[in-house]
Amino acid sequence: MKYENGLRYKLMILKRYGFHIKKYLLNNSVRDFYAKRCENVKTRNIEMYEEIFSFIDGKNIDMDRFYYIYFEMGECLMELKRYGEACRYFEIAIDNVITESYKKNKSKFKSSHYNLFLKDYSKVIECFLKAGEFDKADYYNNLNMYCENKYNISSEDMGNLYASFGAKNKAKKYYDKKIYELEHMPIIRHRDYDPYVDGYLKEEYDEEVRKQKAEINRIYEKIDSL
């Protein structure tokens, strides 16, 4: 059939498998509108995104598929140092792809799309800090920590961020957490026996202990400097 590779055939297949046809078409229209607007500007700007949001407004679309538009708007506002406004768009982006159940018990994402912006997640935390919204920075950082990914912000880095914005109590909280992590970090990793008993590899063991204590002292120095 002539239309086998066309839209009509796709819609027929989608309908057969229980997909919402109208929403599918609306999603496509938003995707096309976004692509065309991006093509027509040299640099992405606030006016472009406002036009896209006007097009989206009132449409029953899958919002988790378009989280990135809100995230990009947040980035634009952040570059203009409009941190409070940027935070609102970052919140929308995150809330569109995370379920309420995940927020409560850290059990399930609404969408795998969330993983696509995790590498830029530190921008969200930094933006909340620059807006002076320390509690929300804490909340969204903790929300992210339960996701198994390599982009988590370390306890020490969070302490450094809070310290740089003068939030001493928050900084101390994360430095204390880093100390706890260091104190409970296992030095011996062998499964069935302790190779350090009776002097075997004792020098290596003592060196690891020395390094651990040096790291702990380094964090204590950061706390004293607050």
Side-chain angles (χ1 to χ4, degrees), residues 7 10 20-100 102-103 109-145 147 149-154 157-158 160-167 170:
L7 180 60
K10 290 180 181 177
H20 195 298
I21 302 301
K22 187 175 180 180
K23 186 173 282 190
Y24 172 82
L25 293 172
L26 285 172
N27 287 342
N28 270 356
S29 70
V30 171
R31 198 174 289 111
D32 292 342
F33 189 87
Y34 170 81
K36 287 177 181 177
R37 290 301 173 274
C38 290
E39 287 176 2
N40 293 334
V41 295
K42 291 182 179 179
T43 305
R44 296 181 182 184
N45 54 68
I46 290 173
E47 291 74 20
M48 182 195 84
Y49 287 107
E50 287 177 342
E51 191 178 350
I52 294 169
F53 294 139
S54 294
F55 182 78
I56 290 174
D57 189 38
K59 289 182 171 61
N60 181 25
I61 59 174
D62 293 312
M63 291 298 292
D64 62 316
R65 295 181 181 273
F66 301 104
Y67 73 90
Y68 56 87
I69 302 176
Y70 295 90
F71 198 87
E72 290 170 3
M73 177 64 153
E75 289 177 317
C76 281
L77 289 165
M78 193 175 174
E79 288 176 7
L80 296 173
K81 299 183 179 180
R82 292 163 60 177
Y83 301 118
E85 295 173 73
C87 287
R88 304 293 77 78
Y89 282 95
F90 285 140
E91 283 185 278
I92 293 171
I94 296 168
D95 290 345
N96 275 337
V97 294
I98 299 180
T99 59
E100 288 300 317
Y102 179 79
K103 291 179 183 178
F109 286 120
K110 180 192 299 182
S111 170
S112 60
H113 296 305
Y114 177 68
N115 293 315
L116 299 179
F117 66 68
L118 282 177
K119 65 181 184 299
D120 294 322
Y121 200 87
S122 59
K123 288 181 182 177
V124 176
I125 307 304
E126 182 183 351
C127 190
F128 279 114
L129 292 173
K130 287 183 175 178
E133 299 183 25
F134 299 135
D135 288 339
K136 283 199 173 182
D138 222 17
Y139 169 76
Y140 279 103
N141 181 62
N142 289 331
L143 190 70
N144 181 54
M145 284 171 64
C147 180
N149 64 80
K150 62 183 179 182
Y151 303 117
N152 286 335
I153 304 170
S154 71
D157 286 341
M158 280 300 296
N160 293 341
L161 278 170
Y162 278 116
S164 68
F165 288 99
K170 293 282 189 183

Indicate the atoms forming the closest heavy-atom contact of [X] with [Y], along with that distance.
{"X": "I52", "Y": "F33", "value": "CA-CE2, 3.8 Å"}
{"X": "C127", "Y": "A86", "value": "SG-CB, 3.6 Å"}
{"X": "I56", "Y": "Y70", "value": "CG2-OH, 4.3 Å"}
{"X": "I125", "Y": "N141", "value": "CD1-N, 3.5 Å"}
{"X": "F66", "Y": "N27", "value": "CZ-O, 3.3 Å"}
{"X": "V124", "Y": "F71", "value": "CG2-CE1, 3.7 Å"}

Working to the nearest 0.5 Å, report the span between [atom1] of [X] and [atom2] of [Y].
{"X": "R82", "Y": "K130", "atom1": "CZ", "atom2": "NZ", "answer": "15.5 Å"}
{"X": "E85", "Y": "F90", "atom1": "CD", "atom2": "CZ", "answer": "12.0 Å"}
{"X": "K170", "Y": "F165", "atom1": "NZ", "atom2": "CZ", "answer": "14.5 Å"}
{"X": "N45", "Y": "L80", "atom1": "CG", "atom2": "CG", "answer": "9.5 Å"}
{"X": "C87", "Y": "K136", "atom1": "SG", "atom2": "NZ", "answer": "8.0 Å"}

Quiz item: With sequence neighbours excluded, what pairs up with Y34 under the side chain to side chain donor-acceptor pair (under 3.5 Å) test?
Solution: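 Y34 satisfies side chain to side chain donor-acceptor pair (under 3.5 Å) with R44, E72 once adjacent residues are dropped.
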
Quiz item: For K123, what residues pass the side chain to side chain donor-acceptor pair (under 3.5 Å) criterion, not counting sequence neighbours?
Solution: E75

Self-check item: Partner of R37 by salt bridge (charged side-chain N to carboxylate O under 4.0 Å, His left out), out of E51, E50, E47
Solution: E51

Quiz item: Under 4.5 Å between any side-chain heavy atoms of Y83 and E133, yes or no?
Solution: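 Y83 vs E133: side chains apart.
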
Quiz prompt | Test of ring centre spacing under 6.0 Å for F128 and F134 | solution = no

Quiz item: Does the pair K36 and E39 meet the rule for a salt bridge (charged side-chain N to carboxylate O under 4.0 Å, His left out), with working shown?
Solution: CA-CA 5 Å; K36 287 177 181 177; E39 287 176 2; over 6 Å; no

Quiz item: Do K59 and F55 meet the cation-pi criteria used here (NZ or CZ under 6.0 Å from the six-membered ring centre, within 45° of the axis)?
Solution: yes

